[in-house]
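Side-chain atoms are counted along with the backbone in the values below, which use heavy atoms only and exclude waters and symmetry mates.
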Amino acid sequence: MSTTLELNIDELDLDLKNPRFAGLTSQREALEKIVVNQGIKLVNLAEDILLNGLSPAHRMLVMKAPGKKSTNYVALDGNRRLAALRVLANPSVLDGMNGVGDITARRLRNLAKDFSLADVQPIDVSVCKDEDEARHWIEAIHTGENDGRGVVGWDGIATARYRGHTSSLKVLDFVRAAGKLSAEEEAALERFPITNLDRMLGTPEVRERLGLALEDGELLSDLPQSELIKPLKRIVTDIALKKVNVSKIKSKDDRLSYLGSLTSSLPDLSKRTGTLEPLDQLSAQSSKGTSKAGVGSKSKSLIDRKTLIPPNSQCPLNINDHKLQQMCKELRKLPLENYPIAIASSFRVFLELSLDHFGVENKLPQYNADISLKQKVEKVASYLQEKGLATKRDLQEFRALVSNPNKALSIDRLHGIIHSKYSLPTPSELRSGWSEVQVAFTKIWA
């Protein structure tokens, strides 16, 4: 049985029998092989150690180094961690490592500037008497599930639950509750590739055709359960039974083409009730009727709002520029149902002029009118966070305007609305798009 011990970095040796490499003859060679082989992965590991320390759930596995006079221990498991620690503690070890890329070396040296040995030492390790005793545990960690004896990884559903990505999970729960699934369909959901469903639901045009709205990360619908279950059950079972895989829904055009093939499974949007409800409430309804209970102001706000920007009482924007004041006033008054294209185009201008005004007023470094709109979003978001004017969470959806082309008000989507004859915004996606970025605009115009 292994025992535990506390050791310092200089009491630990890299394993010259490391299975990742062959023929290692020295500590220097072992370190260089790991740095060269791992590259950016070692950088990411070093950064994680710097930010979070060493994992308390995964101790290094060591044994006494051979030789009667040796007082060190060999890391049988944990060589990448030990290599990262050596570089962080003494970045000069990178000197002369010709195979290490310039970017890798530079990032490791920069991380080392903020590293302190006192933050990780002494290191808790598990000590085995020899390699044979360690072999079982190393195989359990590194050679797969081994029929349950090793580390059993999470599937996509478990990962999504842990990370709090609930939209697709809510759809799965809805389909399980209301879909009257067969035994085969139920069994197929046990290993469901949830990222494929994420792709579908992440496309505004898909949500609109399915009668879904996204507000504050939650899927809502104003369709009766009997209408909504038809397309959702079809999509979920097609993915679960592998009738649809990632190659068939990879691009937005692919997803819309697949959606068009559903024909009789698509909902009758004329049956919308006008009251948005979360999917978990809809799943509790009988298929014969719609819940009469109110669902709270949050669920109703998206459908009740007739304009892009809510009234000042709900969304205070302290704008001190005359032109932007007028634009905001119009965006608070123009009805989305009648003028979605004009409103989307106007918002595109309102967004950029708001960023320009903020950039000039606050003298943001390297901010000028010639940089791209995406760069402007990033620079303003970074400034707001660095100055403590907004949290990372406040700015998450705002930054997604740059990173996620499927967002209703993403830069790519707005450019498409203006320049492509095929790209048409819907009132629902414009409402949900503003709801996602409203917090950021209140920070910009605080």
Using modelled atom types and a 3.5 Å cut-off, is there a donor and acceptor pairing between side-chain atoms of [X] and backbone atoms of [Y]?
{"X": "Ser345", "Y": "Ile341", "value": "yes"}
{"X": "Asp321", "Y": "Leu324", "value": "yes"}
{"X": "Thr273", "Y": "Asp222", "value": "yes"}
{"X": "Asp173", "Y": "Lys170", "value": "no"}
{"X": "Arg109", "Y": "Val87", "value": "no"}
{"X": "Asn79", "Y": "Ala75", "value": "yes"}
{"X": "Ser354", "Y": "Phe350", "value": "yes"}
{"X": "Thr442", "Y": "Val439", "value": "yes"}
{"X": "Ser410", "Y": "Leu401", "value": "no"}
{"X": "Ser346", "Y": "Ala342", "value": "no"}

On a heavy-atom basis, which atom in [X] and which in [Y] lie closest, and how many Å separate them?
{"X": "Lys41", "Y": "Arg80", "answer": "O-NH1, 4.0 Å"}
{"X": "Ala369", "Y": "Lys376", "answer": "O-NZ, 3.4 Å"}
{"X": "Phe398", "Y": "Val437", "answer": "CA-CG1, 4.1 Å"}
{"X": "Gln366", "Y": "Lys379", "answer": "O-CE, 3.6 Å"}
{"X": "Glu378", "Y": "Val402", "answer": "OE2-CG1, 4.0 Å"}
{"X": "Leu82", "Y": "Ile9", "answer": "CD1-CG2, 4.2 Å"}

Within a reach of under 6.0 Å around [atom1] of [X], are more than 12 heavy atoms found that belong to other residues, nucleotides or ligands?
{"X": "Lys33", "atom1": "NZ", "result": "no"}
{"X": "Leu389", "atom1": "CG", "result": "yes"}
{"X": "Phe21", "atom1": "CZ", "result": "yes"}
{"X": "Asn52", "atom1": "CG", "result": "yes"}

Going by atom types only, do [X] and [Y] share a side-chain donor-acceptor pair under 3.5 Å?
{"X": "Ser432", "Y": "Glu429", "value": "no"}
{"X": "Asp254", "Y": "Ser251", "value": "yes"}
{"X": "Ser92", "Y": "Asp95", "value": "no"}
{"X": "Thr203", "Y": "Arg255", "value": "yes"}
{"X": "Asp198", "Y": "Ser168", "value": "yes"}

Identify which one of Thr237, Ile194, Ile239, Leu181 satisfies the side-chain contact (heavy atoms from CB on, under 4.5 Å) criterion when paired with Leu189.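 One option only clears the test, and that one is Leu181.
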Out of Leu269, Leu276, Leu210, which residue meets the side-chain contact (heavy atoms from CB on, under 4.5 Å) rule with Leu223?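 Looking at Leu269, Leu276, Leu210, the match for Leu223 under the side-chain contact (heavy atoms from CB on, under 4.5 Å) is Leu269.
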Would a 4.5 Å heavy-atom cut-off, applied to side chains only, mark [X] and [Y] as touching?
{"X": "Met327", "Y": "Val349", "answer": "yes"}
{"X": "Gln385", "Y": "Arg399", "answer": "yes"}
{"X": "Leu373", "Y": "Leu355", "answer": "yes"}
{"X": "Leu241", "Y": "Glu184", "answer": "yes"}
{"X": "Leu430", "Y": "Pro340", "answer": "yes"}
{"X": "Arg81", "Y": "Ile123", "answer": "no"}
{"X": "Arg207", "Y": "Pro204", "answer": "yes"}
{"X": "Leu308", "Y": "Arg332", "answer": "no"}

Answer yes when [X] and [Y] have at least one side-chain N-carboxylate O distance shorter than 4.0 Å, and no when they do not.
{"X": "Lys306", "Y": "Glu337", "result": "no"}
{"X": "Glu227", "Y": "Arg272", "result": "no"}
{"X": "Arg348", "Y": "Glu352", "result": "yes"}
{"X": "Lys374", "Y": "Asp412", "result": "yes"}

Dump the intermediate steps for side chain to side chain contact (heavy atoms under 4.5 Å, CB included) on Lys233 and Leu228, then the final yes or no. CA-CA 9 Å; Lys233 178 182 177 181; Leu228 186 60; over 6 Å; no
At what distance, to the nearest 0.5 angstrom, does [atom1] of [X] lie from [atom2] of [Y]?
{"X": "Ile309", "Y": "Ile343", "atom1": "CD1", "atom2": "CD1", "result": "9.5 Å"}
{"X": "Leu31", "Y": "Leu94", "atom1": "CG", "atom2": "CG", "result": "7.5 Å"}
{"X": "Gln326", "Y": "Lys323", "atom1": "CD", "atom2": "NZ", "result": "11.0 Å"}
{"X": "Thr104", "Y": "Met97", "atom1": "OG1", "atom2": "CE", "result": "12.0 Å"}
{"X": "Ile34", "Y": "Glu32", "atom1": "CD1", "atom2": "CD", "result": "11.0 Å"}

Could you give me the CA-CA distance, side-chain angles and deciding distance for Leu262 and Ile235, then say whether side chain to side chain contact (heavy atoms under 4.5 Å, CB included) is met? CA-CA 9 Å; Leu262 300 186; Ile235 292 169; 3.9 Å; yes
Are Tyr367 and Tyr383 close enough that their ring centers fall under 6.0 Å?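 Not close enough - the centres of the two rings lie 6.0 Å or further apart.
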Please report whether the ring centroid of Trp445 lies less than 6.0 Å from that of Phe358.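 When the ring centroids of Phe358 and Trp445 are compared, they turn out to be at least 6.0 Å apart.
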Before giving the answer on side chain to side chain contact (heavy atoms under 4.5 Å, CB included), spell out for Arg86 and Leu12 the whole-Å C-alpha distance, their side-chain angles and the decisive distance to 0.1 Å. CA-CA 10 Å; Arg86 284 194 177 178; Leu12 290 164; 5.7 Å; no
The test is salt bridge (charged side-chain N to carboxylate O under 4.0 Å, His left out); show your working for Arg413 and Glu205 and say whether it passes. CA-CA 11 Å; Arg413 179 83 171 120; Glu205 293 90 341; 3.2 Å; yes
Quick one, Ser372 with Gln375, criterion side-chain hydrogen bond (donor to acceptor under 3.5 Å, both in side chains). Give me CA distance, side-chain angles, the key distance, then yes/no. CA-CA 5 Å; Ser372 70; Gln375 290 174 308; 3.3 Å; yes
Please report the C-alpha distance between Arg106 and Asp102 in whole Å, then the side-chain angles of each, then the deciding distance to 0.1 Å, and finally whether the salt bridge (charged side-chain N to carboxylate O under 4.0 Å, His left out) criterion is met. CA-CA 6 Å; Arg106 183 171 66 251; Asp102 292 342; over 6 Å; no
Relative to each other, are the rings of His419 and His415 parallel, tilted or perpendicular (30° and 60° limits)?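 The arrangement is perpendicular - the two ring planes meet at more than 60°.
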Chi angles and distances behind the side chain to side chain contact (heavy atoms under 4.5 Å, CB included) call for Gln38, Leu45: CA-CA 10 Å; Gln38 293 293 298; Leu45 175 58; over 6 Å; no
